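Keep in mind the model is a prediction, meaning the values are calculated, not measured. First the proteins, then the strands, lettered A, B, ... as listed; each starts at 1.
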Amino acid sequence: MAKKFYITTPIFYVNDLLHIGHAYCTIACDVVARFKRWLGDEVLFLTGTDEHGQKIAQAASLKGKTPLEWADYIVSEDKKLWEKLNISHDDFIRTTEERHERTVQEIFTKLYQKGDIYKGEYEGWYCTSCETFYLESQLEGGRCPECGKVTEKLKEESYFFKLSKYQKRLLNYFDENPEFMQPSFRKAEMVNFVKGGLRDLSVSRTAVKWGIPVPFDEKHTVYVWLDALINYLTACGYLEDKVKFEKFWPADVHLVGKEIFKFHTIIWPAILMALGIPLPKKVFGHGWWTVEGEKMSKSRGNVVDPVEVSEEFGVDAFRYFLMREVPFGQDGDFSKKALVRRYNADLANNLGNLLSRSLTMVEKYVEGRVPEPGGEEKEDRELIQKVKGLFERVIKYYDKLKLNSVLGDIWEVIDYANRYIERTAPWKLEKTDRKRLETVLYNLLETLRVVTFYILPFMPQTAERIWERLGMEEKIYNQKIEEAQWGRLKSGTKIKAGKPLFPRIKDDL
RNA sequence: GGCGGCGUAGCUCAGUCUGGUUAGAGCAGGGGAAUCAUAAUCCCUGUGUCGUAGGUUCGAAUCCUACCGCCGCUACCA
């Protein structure tokens, strides 16, 4: 029976176009989703957009649009980006969709009836020109942190979620499920935070009009975070498809940025506990990208546009760089210099050149056809062992989402294959030992063929291109996992030598 | 302020939990080989105060203390 696998990105706020950080998160999910599909799991990979809230209404009116018109525009841009980056999501949820609004209202009502949401008063400092409430701690010298104007203390009617009630249960859960939060250094911060005491959470607003109405009290709208988090339930059929819900919930991985880790590891679990629903198995908080050593920000004007980078270096090179450059979970630095270095060293010199030299030799020495392998010698066995051992090593890393280590292991095999060529020196064998030559070339091609399966989740286009070069007729996407076993390459297959996969980039930057 | 983390080769880091061979890897640099290949590849090449000062120990990058430097978290802004 196929296992299920439910993985999510956050839903991205539609206040602006997406940047490298969003692309990073989504590409990482895509890699994992593709790998799991290859394993034969039934995958639900979800992404989408968070469309409610004051900021969206403001952004829209600034452009002379209604909030929904504005959201529609951003959504169409987001979808274009995911297509460009080869993102293979199964669903794209928008919080303005009817299926979601109904789910949120249902859940709000349920929690209210249960007593976990109650009506109270929210006390805060209100800035009339920004129409926003602030906590005392957010004020800068008693003034609005946004516009600097004087704020006034106001009380607002609000519904509250009894977050405080779940403090103990959360700590117990963290304790009993050490894998729940990753990376571990962020876990410590969360545990600490909960230990410090939890206050009930205001989960409705009367000042915010652009939001989902509280069903039994329409002057309130649902707080955007509650609205947003519930998307994970909506999309797997919480309300409308019991069978689907039973199958996919709980989510296997919520992959989120470190800045929203807390919402996913504290507030979200507490809500689920209140609903009596199992918690997601894992929440992973990834790091941020700086650019040329500097924090990325609009005001600095250094926001990296994923479209631009993919157009300049290729989508796969971009995907590769993001996944390879930084241990997953840590912050990383994006620079063209670093990208070019990775591109040349890993993609052009190691992988690309390995393919080129292998295919050329097959063309020159054995008429472009996969030869018949003969008896194995020591270096053959070493190579084959490396290739065969890849699966076991890689799957451990996938479980921990150490995607950069997955690539590290794949490239170890690629490096080894280059060394294998030097050791066996086929150009000499060509003159001295045809049988041995054929074995060596077969092993090389077979190594490339198997490795291509491992490259596929990271660089789908590249995998497809290598696959074609190797003379495979079926699409690699349709291949079952068994095809990655050593020795499935058929002798006699006609290969297709061609231009370099990754032409070297002159690094005069 | 409170809690936590980090400081190892020019650069990025592994190793520290479970103390014990000459402290490792990649990239960059230097030398050489080879010629199938995208001047790619392969081989050789690092005497590094393992932040500083103490301590524990037969023995510490690894445990403890202090100090210096950097960073994260400290809720309702997505």
Using the [atom1] atom as the point on both nucleotides, what is the distance between [M] and [N], in whole Å?
| N | M | atom1 | result |
| --- | --- | --- | --- |
| B:A9 | B:U18 | P | 26 Å |
| B:G32 | B:G72 | P | 47 Å |
| B:C27 | B:C70 | C1' | 24 Å |
| B:U35 | B:U41 | C1' | 10 Å |
| B:C13 | B:U52 | C1' | 22 Å |
| B:G20 | B:G59 | P | 15 Å |
| B:A61 | B:G1 | P | 32 Å |
| B:C6 | B:G15 | C1' | 15 Å |

Without decimals, in angstroms, what is the distance between [X] [atom1] and [N] [atom2]?
| X | N | atom1 | atom2 | value |
| --- | --- | --- | --- | --- |
| A:Arg186 | B:U74 | CZ | C1' | 15 Å |
| A:Asn344 | B:U41 | CG | C1' | 14 Å |
| A:Glu379 | B:C42 | CD | C1' | 14 Å |
| A:Asp331 | B:G5 | CG | C1' | 13 Å |
| A:Trp268 | B:C76 | CH2 | P | 21 Å |
| A:Gln330 | B:C6 | CD | C1' | 10 Å |
| A:Phe193 | B:G4 | CZ | C1' | 15 Å |
| A:Ile266 | B:A75 | CD1 | C1' | 8 Å |

request  = Ignoring backbone atoms, establish whether A:Lys262 has a side-chain N or O less than 4.0 Å from OP1 or OP2 of B:U74.
outcome  = yes
ask   = Does a side-chain N or O from A:Asn349 land closer than 4.0 Å to OP1 or OP2 of B:U41, or not?
value = yes
With a 3.5 angstrom cut-off on both distances, give the Watson-Crick or G-U wobble partner of [N], or none if there isn't one.
| N | answer |
| --- | --- |
| B:U65 | B:A53 |
| B:G29 | B:U45 |
| B:C3 | B:G72 |
| B:U21 | none |

query = Under a 4.5 Å cut-off applied to non-hydrogen side-chain atoms, are A:Val406 and A:Phe458 in contact?
reply = yes
Close side-chain approach of A:Ile11 to A:Glu51, heavy-atom, < 4.5 Å = no
ask   = How does protein contact run along nucleotides 26-37 of chain B, one letter per nucleotide 5' to 3', with B for base contact, S for sugar-phosphate only, - for none, heavy atoms under 4.0 Å?
value = -S------SSBB
Which residues share a side chain to side chain contact (heavy atoms under 4.5 Å, CB included) with A:Lys195, sequence neighbours left out = A:Leu171, A:Val191
message = Checking A:Val214 against A:Lys119 for the side-chain contact (heavy atoms from CB on, under 4.5 Å) test, could you report, in this order, the C-alpha distance in whole Å, the side-chain angles of both residues, the deciding distance, and whether it holds?
response = CA-CA 12 Å; A:Val214 171; A:Lys119 196 186 229 177; over 6 Å; no
Students often get this wrong, so: under 4.0 angstrom with heavy atoms, is [X] touching a base, only sugar-phosphate, or nothing?
| X | value |
| --- | --- |
| A:Pro503 | base |
| A:Leu201 | base |
| A:Ala348 | base |
| A:Gly197 | base |
| A:Leu163 | base |
| A:Leu359 | nothing |

A:Lys55 to A:Tyr13, cation-pi by 6.0 Å centre distance and 45° axis angle = no
Residue mapping more 5' on RNA chain B - nearest nucleotide basis, A:Phe185 or A:Glu259 = A:Phe185
ask   = Aromatic ring centroids of A:Tyr24 and A:Phe328 under 6.0 Å?
value = yes
task = Answer with yes or no after comparing the ring centroid distance for A:Tyr232 and A:His264 against a 6.0 Å cut-off, counting only values under it.
result = yes
query = Is there a donor-acceptor contact under 3.5 Å from the side chain of A:Trp70 to the main chain of A:Gln58?
reply = no
query = Is it true that atom NZ of A:Lys400 has more than 12 heavy atoms of other residues, nucleotides or ligands lying nearer than 6.0 Å?
reply = no
query = For the side chain of A:Ser202, counting heavy atoms from C-beta on, which of B:C76, B:G72, B:C3 is nearest?
reply = B:C76
